[in-house]
2 protein chains.
Amino acid sequence: MTDLRARNRQATREAITTAALRLAVEQGPGGLALVRVNDIASAAGVSPRTYNNYFSSREEAICGGQADQSRRAGDALRARPAGEPLDVALTEAMVDLFTDPEPDRAGLRMIMLTPELEGEALRAFTVGETPLAEAIAERTGESGLRPEVTAAAVVAAIRVAGRHWLTPAANRPFADVIRRALECVFT
Amino acid sequence: MTDLRARNRQATREAITTAALRLAVEQGPGGLALVRVNDIASAAGVSPRTYNNYFSSREEAICGGQADQSRRAGDALRARPAGEPLDVALTEAMVDLFTDPEPDRAGLRMIMLTPELEGEALRAFTVGETPLAEAIAERTGESGLRPEVTAAAVVAAIRVAGRHWLTPAANRPFADVIRRALECVFT
DNA sequence: CAATAACTTGCGTGTCACGCACTATTTGCG
DNA sequence: CGCAAATAGTGCGTGACACGCAAGTTATTG
């Protein structure tokens, strides 16, 4: 196992993000301004100053969990068998990453559908592009534009899939929506 | 022409964004904190309070011009001849939109490569997705996931193209980079 | 030429991000 | 095993900021 320090750090980080997201969900998309830094910090059991050592805005704290998940995109692809063609490897890797477990609807709604969170939400998804592009480059041996464009397109498709999964209309399992969205990318 | 009011409004909006971006470029990516609201407002010839009626953060003001450009993505596609296949229509529309004129390197560098601006920069590009998706849906007659995924993938590719165009290494014209990036999307 | 709507501006306020200095805990080395 | 160095948590103080409110100014409409 790693450092005690590293584990504690990760633990407080998670405590802050989950507290922030929970409080935000409680207030609903309209009352984001009511989620004060003090509330987040005390709900997470740290001082406001410490909260600020981890995140430099409420938005970042709220979306931090999503960002952590996205960052694992590269490893998710590497976990797929080497023989698999790229498109199915990517698809199944994303399904594995984003449906284990099935995401919390309320949390994702808050993150994706609150206007003031839009910038940070995009950032949270986009941070996955670089590690994913690296993993793609490793797998295909290519370099330059293509791996990056592919990664960016995949992440963008996931984002659209999330939006669709949140619409009350078609409540298919998230995995299905992801697969259908990625089919569109792989023409 | 439209309202005097509407034109004035647009003029002050542009005055603020150009002033904000210019000041930010002057300070360089490191000194974003030194670009004060007062400076932006007075450089744009408005009161700080008025600046705040148009934008609710410095980041938004700095990236406002990029956002305005992205918003025209739908119209850019509609301006392409109806007979054109979708992929070339999209490609040429994006080339038309983003290389008329050739963008300012320093400004784009600032927007795309400054960490504190990342969220707003993503937002600035992403606002083009919805109008572009609508234009795609009109052109293809399809609805649902596909137009949205296509639009999101195209915008993502443009973003990657911009990043590559900014690297000192390959200084090809931006139009070339866009075309090569979109080729990757249309597998 | 009123009556109304839209825009600008100054002021006041509550919140926030962060630098700095200090303490406590963990780590790694002699 | 203890001791120095690195690392994390915290309180305080400060400068900046976003925004509500209300008053003044300019455009629009009939």
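In what follows, chains are A, B, ... by sequence order, proteins preceding strands, each numbered from 1. Bear in mind that the values here come from a model prediction, so they are computed numbers and not experimental data.
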Using a cut-off of strictly less than 4.0 Å between a heavy atom of the residue and any atom of DNA chain D, enumerate the qualifying residues of residues 42-65 of chain A by number.
A/Val46, A/Ser47, A/Arg49, A/Thr50, A/Asn53, A/Tyr54
Given atom CD of B/Glu116 and atom C1' of C/dA17, what is their separation to the nearest angstrom?
12 Å
On DNA chain D, nearest-nucleotide positions of A/Thr12 versus B/Ala33: which is more 5'?
A/Thr12
Rounded to the Å, how far apart are B/Ile40 CD1 and D/dC17 C1'?
11 Å
Output, in order, the C-alpha distance, side-chain angles, deciding distance and verdict of salt bridge (Lys or Arg N to Asp or Glu O under 4.0 Å) for B/Glu148 and A/Arg163.
CA-CA 10 Å; B/Glu148 292 187 41; A/Arg163 209 163 51 214; 2.8 Å; yes
Identify whether the distance between the nearest side-chain nitrogen and carboxylate oxygen of A/Glu26 and A/Arg22 falls below 4.0 Å.
yes
Between C1' on C/dT8 and CD1 on B/Ile16, what's the gap in Å once rounded to a whole number?
11 Å
Okay, side chain of B/Gln66, backbone of B/Ala121: is any donor-acceptor separation there less than 3.5 Å?
no
Check whether any side-chain heavy atom of B/Arg146 lies under 4.5 Å from a side-chain heavy atom of B/Thr140, and answer yes or no.
no
Does any non-hydrogen side-chain atom of A/Glu120 lie less than 4.5 Å from one of A/Ile62?
no
Which letter, B, S or -, goes with each nucleotide of nucleotides 22-30 of chain D from 5' to 3', with contact meaning a protein heavy atom under 4.0 Å?
----BBS--
Donor-acceptor pair, side chain of B/Tyr51 and main chain of B/Arg58, under 3.5 angstrom
yes
A/Arg179 backbone acceptor or donor facing A/Thr91 side chain under 3.5 Å:
no
Rounded to whole Å, how long is the line connecting atom CG of B/Leu34 with atom P of D/dC17?
11 Å
Whole angstrom is fine here: how far is it from CZ in B/Arg9 over to P in C/dA6?
11 Å
Is a side-chain donor or acceptor of A/Asp176 paired with a backbone partner of A/Pro173 at a separation under 3.5 angstrom?
no
Starting at CZ of B/Arg13 and ending at C1' of C/dA6, how long is that distance when rounded to a whole Å?
17 Å
